[in-house]
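Presented below is the structure to which this report refers.
Numbers here simply count residues along the sequence, with the first being 1. Every number for a ligand or one of its atoms is a count from 1 in the order of the listing.
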Amino acid sequence: MITSSFIIVAIDGGAASGKSSSARALSERFNLLHVDTGSFYRAITAEMLRRGLRTDDLSGISATIAHVRLTTQVQGRSARMELDGRVAGEEIRGSAVNDAVSHFAAIPEVRQALLAYQRGQAEVARGAGFRGLVMEGRDIGSVIFPDATFRFFLQADPEERARRRASEGQRDPIAERDRLDSTRKTAPLACPPGALAIDTTHLNLAEVVARMVAPITRALEPL
Ligand code: DC
């Protein structure tokens with residue numbers, strides 16, 4: 001039974017498993033703020049690359065994290081991270097960031113710096129008048145919001161995921177990113193206990209969304 005009207009939906013899964021499209025659909029359907037935490041790690045990575053920092057330069061990385069101010073701009077239904085007041089541009093989807101992001105995301109100092117910021121998105125959603133938030137990433141149902149109202153874990157065959165990325169015109173080493181994301185020591189990618197796992201390999205978007213909407217609608221009905 002859902003006792004609070006503010007809901008948190010956590011969606012975890014590997015690259016190109018269908019998280020973003022389904023999260024956007026849920027945000028429309030239930031009036032939720034959409035938070036793509038991959039874009040946060042990507043923006044941080046772009047900033048580190050811009051400063052010429054390598055992943056083994058822990059003191060440079062820590063100093064950057066300590067000084068950069070993280071705030072949120074709500075654009076439509078989405079949360080955009082601002083670094084020192086600036087929203088990162090399209091470079092966060094480029095191949096330099098694709099190649100480096102899992103390496104920076106594996107650094108505990110980087111994850112720690114984003115922890116409170118990510119949890120703070122619930123306040124952003126409340127303040128902006130949303131009914132809740134849908135947050136996607138790798139450790140949302142396990143670390144960021146282990147008590148999320150709803151938790152989903154999306155997966156799909158690697159060949160299908162590579163095909164999806166290629167059809168978006170992206171060069172993205174998703175198998176290697178998955179390997180790094182699921183074997184790192186801090187907050188590895190894994191299906192959180194109690195999450196509903198959905199294999200999206202042979203499902204279209206509407207079918208994936210329908211599988212998520214059903215339990216949410218059932219739980220919210222008495223409200
Ligand atoms: O969702 P994405 O593919 O845009 O995420 C980019 C990378 O960021 C991903 O390979 C690992 C990292 N990431 C993470 O470690 N934890 C999250 N919650 C989200 C992303």
Side-chain angles (χ1 to χ4, degrees), residues 8-24 26-27 33-49 55 61 65 70 72 78-81 83 87-122 133-146 148 151-156 158 160-192 195 200 208:
I8 296 183
V9 181
I11 307 180
D12 290 300
S17 56
K19 299 186 301 294
S20 292
S21 317
S22 52
R24 273 194 291 269
L26 293 183
S27 92
L33 178 67
H34 172 215
V35 186
D36 169 8
T37 61
S39 75
F40 299 165
Y41 284 95
R42 287 171 176 276
I44 295 273
T45 299
E47 181 65 18
M48 299 295 173
L49 295 177
T55 46
I61 290 170
I65 284 170
L70 300 181
T72 304
S78 295
R80 304 266 180 247
M81 185 167 81
L83 286 96
V87 173
E90 271 314 298
E91 77 272 16
I92 68 167
R93 305 281 158 199
S95 52
V97 170
N98 281 345
D99 290 346
V101 63
S102 290
H103 297 280
F104 282 101
I107 299 172
E109 286 80 355
V110 171
R111 304 202 72 80
Q112 186 57 36
L114 279 177
L115 185 70
Y117 176 76
Q118 290 172 95
R119 290 186 178 150
Q121 298 309 300
L133 87 165
V134 51
M135 181 175 277
E136 52 160 308
R138 304 294 188 287
D139 61 346
I140 311 307
S142 54
V143 175
I144 308 301
F145 289 119
R151 287 177 300 157
F152 299 99
F153 186 79
L154 302 190
Q155 54 208 111
E160 170 59 16
R161 295 189 291 129
R163 197 191 58 70
R164 291 175 189 169
R165 271 298 188 270
S167 74
E168 292 165 359
Q170 277 205 47
R171 189 187 67 68
D172 187 358
I174 56 170
E176 175 63 1
R177 281 208 286 131
D178 274 1
R179 191 185 65 73
L180 292 166
D181 296 342
S182 48
T183 56
R184 68 182 173 220
K185 289 209 177 69
T186 313
L189 166 66
C191 181
T200 70
V208 176

* Check: Leu114 main-chain N/O paired with Gln118 side-chain donor or acceptor under 3.5 Å -> yes

* Answer yes or no: does an N/O atom from Arg111 fall short of 3.5 Å to an N/O atom of ligand 1? => yes

* Asked: Where the side chain of Ser21 meets the backbone of Gly18, is there a donor-acceptor pair that is under 3.5 Å apart?
  -> no

* Structure fact -> Quick look: Arg138 vs ligand 1, heavy-atom contacts under 4.0 Å, and the answer is both

* To do: Quick one: look at Arg184 and ligand 1, take heavy-atom pairs under 4.0 Å, and tell me if it's side chain, backbone, both or neither.
  => side chain

* Asked: Please state which protein non-hydrogen atom is closest to atom 4 (O) of ligand 1 and give its distance, to 0.1 Å?
  -> Arg42 NE, 2.7 Å

* Among all residues two or more places apart in sequence or in another chain, which pass the ring pair (Phe, Tyr, Trp, His ring centres under 6.0 Å) test with Phe40? -> Tyr117

* Asked: Do Thr37 and Arg42 have side-chain atoms, one donor and one acceptor, less than 3.5 Å apart?
  -> no

* Asked: Can you list the ligand 1 atoms lying under 4.0 Å from a non-hydrogen atom of Ala105?
  -> 12 (C), 15 (O)

* N or O contact, Asp139 vs ligand 1, cut-off under 3.5 Å -> yes

* To do: Give the residue and atom name of whichever protein heavy atom lies nearest to atom 19 (C) of ligand 1, and the separation in Å to one decimal.
  => Thr37 OG1, 3.3 Å

* Contact atoms of ligand 1, heavy-atom distance to Arg177 under 4.0 Å -> 2 (P), 3 (O), 5 (O), 6 (C), 7 (C), 9 (C), 10 (O)

* Got an N/O contact under 3.5 Å between Glu136 and ligand 1? -> no

* Asked: Hey, are Arg138 and Tyr41 close enough side-chain-wise for a donor-acceptor pair under 3.5 Å?
  -> no

* With atoms numbered from 1 as shown, which atoms in ligand 1 lie under 4.0 angstrom from a non-hydrogen atom of Ser102? -> 10 (O)

* Sequence neighbours left out, what passes side chain to side chain donor-acceptor pair (under 3.5 Å) with Glu91? Give chain and number order. => none

* Is there side-chain contact between Glu136 and Asp12, with heavy atoms separated by less than 4.5 Å? -> no

